[in-house]
Every structure is written in structure tokens, then in C-alpha cells.
Amino acid sequence: KNLENDALAHLETDVNILQYSVESKKAETLSDAQVVSFNPDVQKAILDNDKKKLKTFASSILLTKKQAILTIVSKDGVVLARGDDPEKIGDSLSGDALVKKAVNGESVSTTVTRDGVVAPTVSIRSAVPIKSGNDTIGAVMVGTEIDNAFVDGVKSATKLDVSIYADNIRSATTFVSPDGKSRWIGIKEENSNIKSAVISKGKLFVGQANILNISYLAAFSPLKDMDNVTVGMLFVGRDKSSLLQAAGKSIELTFLVSTILLILSIFPAYLIARNIARQIK
């Protein structure tokens, strides 16, 4: 029981480390967006409506920064360049909440979930206004996905299983299927206690959970957007059987040491008893 309580306390710390990793991604995308917004060549290209130059710059920066998306829009939200899809321009993102804030002069980062074919995706997006003097002339949005490579990196550091959820659906995970290639994504977390605490109340859950029919010691943390609305969950956990194995080894070691001490205590007890017997005679 002591080992279990200690493991749960460590999991609470580990899920906070995962949360910090997500926040670091937000800071990274925001920084990359700011680099683009401060570039005088980008500012000039927007003022000159030079879409060819913006296209070249957006594609180049996207490759350099290794982000998933990079979109430059006008002050009206019309797409001027897309690094991830250079030919798709001219559509409007004026209804996008992130773009709205950016063209109004605000720099923001958020977590975004979107439906996918097999499972929903979770991504980090940041938007920054592009200014000429004091006037906002456009905005740039940069984004990256929180994918399997991300959770694999966290597992490498913590030695724990890690999952990212969009709402209560697993989007990225370290759980690998028996074929050794595909991942156990697209699966819903139906535990009512977890959903109530994390999704509904936006609080941390630490305790036991059944993952893929295996008992885990787990910690779930809410994943929130820029409006502080819970849009998903972060999970870290360890197989409870590994804890039982550790407890078993601990008990075996305690028994072995106790037995050795008992055996060692017999000899001096025998000598003392024999000496007492002699004195009585």
C-alpha cells in the first residue's frame, strides 16, 4: 500500500511534467510566429500584396522551424500564404477565434482538437499580429500536432505510458497494438469518475484505471484551450502488476533478511544459554 501511495504521488508530478511539455510547445509555436511577424520582408510583402514572396517565405520557414502549419492572413482574415499548402490561398479565416484575436492585436496560443478519420487530432496553435508601425496589417498562425512522436519522447524521459485525449477519445498514445506498429487510438475513456473529474470539472484525477483491460495506476490532467475550457485530457500511468512485482520482491527481501538475522541470533543465544546452565550446575 505504501508503494502504491508513493507511485500515485509520483504520477501526479509526472502528469504535471507532461502538462509543462505541452505549455513549452505553446511557447515554441508562439515564438516562431513572432519571428515571422517581426520580419520586415514579410511586412513589406503584405503591404505590396506580393503573394509570390509570401508563399516562398512561408514554405521556407515551415521547413526550417519544423512546424505542421504556417498561415499568413491579411487584416481582414483572407489567407495570403500557406506554408503547408502553398496553392490554397484566398479563402477567409475571419471566423477563426485565434485569427480574430490576432488581427485585433492580441498574441495568443491555444490547444485545438479536430475530428480525424481514425481518431481526433490535438494540436497547438499560436497567432500573432503583423504590424507596420502601430497599424495591424495582418496576422500569422503557426501550429504543431501533439502526436505519437511527442508522447514517445515523454515516455523516453519518464519511463511511463502516455496518452493525449481529445475530449475523452485517445488521440495519441504510447500503447502499441500486438502488430507492433499501429497504436491504440480512437478509443474512448468511459470511466465516469475520470470523465466527471477531468472533463466536467477540469480537475486532476489520480487513482486506479482500467486501460486496455489492464489495471493501471494513473493520473489524468485536463487539457484546456485559450478560454480555459477543457477540450481533452493528458494521461500518464504505470501497469499495476509492475508495482505488485516490486512489492513481492520487497517482501521476499524482507523475509530473507529476517531469516538470516534469526539464524545469526540463534548461535549467541545458544552460547549464553550454555553458560547460564554451567553456572547453575
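Positions are given from 1, in the same order as the sequence printed here.
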[Y] backbone acceptor or donor facing [X] side chain under 3.5 Å:
X	Y	result
T230	L223	no
N191	N193	yes
T64	S60	yes
Q19	P222	yes
K159	S156	yes
S74	D76	yes
T29	K26	yes
S59	K55	yes

Validation row: [X], [Y] side chains within 4.5 angstrom (heavy atoms):
X	Y	answer
V162	T173	no
M141	L98	yes
V73	V99	yes
Q67	E28	yes

Out of curiosity, [X] [atom1] to [Y] [atom2], how far, rounded to the nearest 0.5 Å?
X	Y	atom1	atom2	result
S215	N210	OG	CG	6.5 Å
L18	E23	CG	CD	10.5 Å
S123	E145	OG	CD	6.5 Å
L217	H10	CG	NE2	13.0 Å
I211	K240	CD1	NZ	13.5 Å

Cluster question for you: counting only ILVMFWY and a side-chain heavy-atom cut-off of under 4.5 Å, with indirect links fine, are [X] and [Y] together?
X	Y	answer
V103	L93	yes
I194	I187	yes
Y165	V231	no

What's the shortest heavy-atom distance between [X] and [Y], and which atoms?
X	Y	result
V151	N148	CG2-O, 3.1 Å
E12	A219	N-CB, 4.3 Å
I146	F150	CG2-CD2, 3.4 Å
V236	L11	CG2-O, 3.7 Å
D227	D225	N-OD1, 2.9 Å
Q34	S37	O-OG, 2.9 Å

Give a yes or no on whether a salt bridge exists between [X] and [Y], defined as a side-chain N under 4.0 angstrom from a carboxylate O.
X	Y	value
K44	D48	yes
D96	K101	no
E190	K195	yes
R82	D91	yes

Could you pull out all residues at least two apart from [X] that satisfy side chain to side chain donor-acceptor pair (under 3.5 Å)?
X	result
K75	none
T174	D161
S177	D179, S182
K51	N49

- Message: Using 30° and 60° as the class boundaries, would you call the ring planes of F220 and F235 parallel, tilted or perpendicular?
- Response: tilted
- Task: Could you list who else is in V36's hydrophobic cluster, with ILVMFWY side chains joined at under 4.5 Å, directly or through other members?
- Result: L30, V42, I46, L47, L54, F57, I61, L62, L70, I72, L80, V128, I130, I137, V140, V142
- Query: Does the ring centre of F175 sit less than 6.0 Å away from the ring centre of Y216?
  - Reply: yes
- Contact list for residues 103-118, test side-chain hydrogen bond (donor to acceptor under 3.5 Å, both in side chains), sequence neighbours left out: S109-S126
